[in-house]
Amino acid sequence: MSLATRVIPCLDVNDGRVVKGVNFAGLRDAGDPVELARRYEAEGADELTFLDVSASKQGRGTMLEVVRSTAEQVFIPLTVGGGVRSADDVNELLRAGADKVSINTAAIARPELLRELSRRFGSQCIVLSVDARRVHPATGEEGHTGHTGHTGDTGHLAPADYAPSGFEVTTHGGSKSAGLDAIAWVRTAQELGVGEILLNSMDGDGTKAGFDLELITAVREHTSLPVIASGGAGAAAHFPPAIEAGADAVLAASIFHFGEVAIDEVKATMQDAGLTVRR
């Protein structure tokens, strides 16, 4: 029997409110996170993901309160990420009620952190969030030259020199290159013990043009870890192709927040496509 495909609403939380924009810009208010979490559980969401987009320590304190309040009222798995830099951060979030914690930039800076976290808290608790985008010929535009990764300045390299797969890892909401090949980074993360990959298409984020099927397929060919596809959902019809391309779960934000597509509609569409879902 195949595992059920998970449908996961994502809530970007800024100073205690859910926000959403396009490519992490032009943010607008989308509601109270706890109220939305309750609504999504009632509508049949399989999990929830909170991403803390508040950079300040004050924002972190607010986020912990949001996690505590949600965990008291909502009983589906909750993943929390954003600004996680240390084992202490992970410990705080898990103690507040998170089931899993996603990590991104800090792991790029020091990959060994992934091994340390997986060993201390268990692989099932650690999710690597990968903000991936296509690389283009080095024209000096959009940060595609002078790439800097955790190993230092790589200079003016052609995309094939640092990202032979055609997909690179980015930071700062997709605005800066990490100088890493996205597929190689996923393989490294698996070796370091993470339990899941949250694969964010920065080309598709907020565009509602559909999931990046090429990216999903490329990652699936090189990892046995569960993959959550994120970025680009705009209609219920966009979800089955993401699973068929190799994702184990699908994640979306604004189309759920603003009532454009209902979770039950997504599940019905996937079921009609022959996929197993929890109804």
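Not measured: the values here are computed from a predicted model.
A donor-acceptor contact closer than 3.5 angstrom links the side chains of N200 and S230.
When I108, N104, V219, V186 are each tested for a side chain to side chain contact (heavy atoms under 4.5 Å, CB included) with V130, only one passes: V186.
For the pair S123 (side chain) and G193 (backbone), a donor-acceptor distance under 3.5 Å is present. Side chain of N91 to backbone of A87: no donor-acceptor contact under 3.5 angstrom is found. Between the side chain of E41 and the backbone N or O of F75, at least one donor-acceptor pair lies under 3.5 Å. With hydrogens and angles ignored, the 3.5 Å screen pairs no side-chain donor or acceptor of D203 with any backbone N or O of R133. In this structure, D205 contributes its side chain and G231 its backbone to no donor-acceptor pair below 3.5 Å. With R279 contributing its side chain and V277 its backbone, the two residues share no donor-acceptor pair below 3.5 Å.
Partners of F239 by ring-ring contact (aromatic ring centres under 6.0 Å, His included), not counting sequence neighbours, listed by chain and number: F211. Y40 meets the ring-ring contact (aromatic ring centres under 6.0 Å, His included) test with H257; sequence neighbours excluded.
Considering all non-hydrogen atoms of both residues, H238 and K208 come closest at CE1-O, 3.4 Å. Taking all atoms of both residues into account, the shortest heavy-atom contact from R278 to A4 is CG-CB, 3.8 Å. The shortest heavy-atom contact between T276 and L3 is CB-O, 4.1 Å. L192 and P111 get closest at one heavy-atom pair: CD1-O, 3.2 Å.
I228 is not connected to W185 by any chain of hydrophobic side-chain contacts under 4.5 Å among Ile, Leu, Val, Met, Phe, Trp and Tyr, and they are in different clusters. Linking Ile, Leu, Val, Met, Phe, Trp and Tyr residues whenever their side-chain heavy atoms come within less than 4.5 Å places V74 and L78 in a single cluster. Following chains of ILVMFWY side-chain contacts shorter than 4.5 Å, one can reach I103 starting from L11, so the two form part of one hydrophobic cluster. Following chains of ILVMFWY side-chain contacts shorter than 4.5 Å, one cannot reach I216 starting from V127, and the two form parts of different hydrophobic clusters.
The shortest distance between side-chain heavy atoms of Q190 and R187 does not fall below 4.5 Å. Using a 4.5 Å heavy-atom threshold, the side chains of V101 and F121 count as separate. Contact of the P9 side chain with the E43 side chain is not registered, since no non-hydrogen atoms from C-beta on lie closer than 4.5 Å. L51 places a side-chain heavy atom less than 4.5 Å from the side chain of S102. Under the 4.5 Å side-chain criterion, counting only non-hydrogen atoms from C-beta, D248 is in contact with R220.
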Side chain to side chain contact (heavy atoms under 4.5 Å, CB included) between V18 and F50, intermediate numbers included
CA-CA 9 Å; V18 177; F50 281 177; over 6 Å; no

Working for side chain to side chain contact (heavy atoms under 4.5 Å, CB included), residues D32 and R17:
CA-CA 5 Å; D32 177 79; R17 299 289 295 179; 3.7 Å; yes

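A salt bridge does not link R120 to E116: none of the charged side-chain nitrogens sits closer than 4.0 Å to a carboxylate oxygen.
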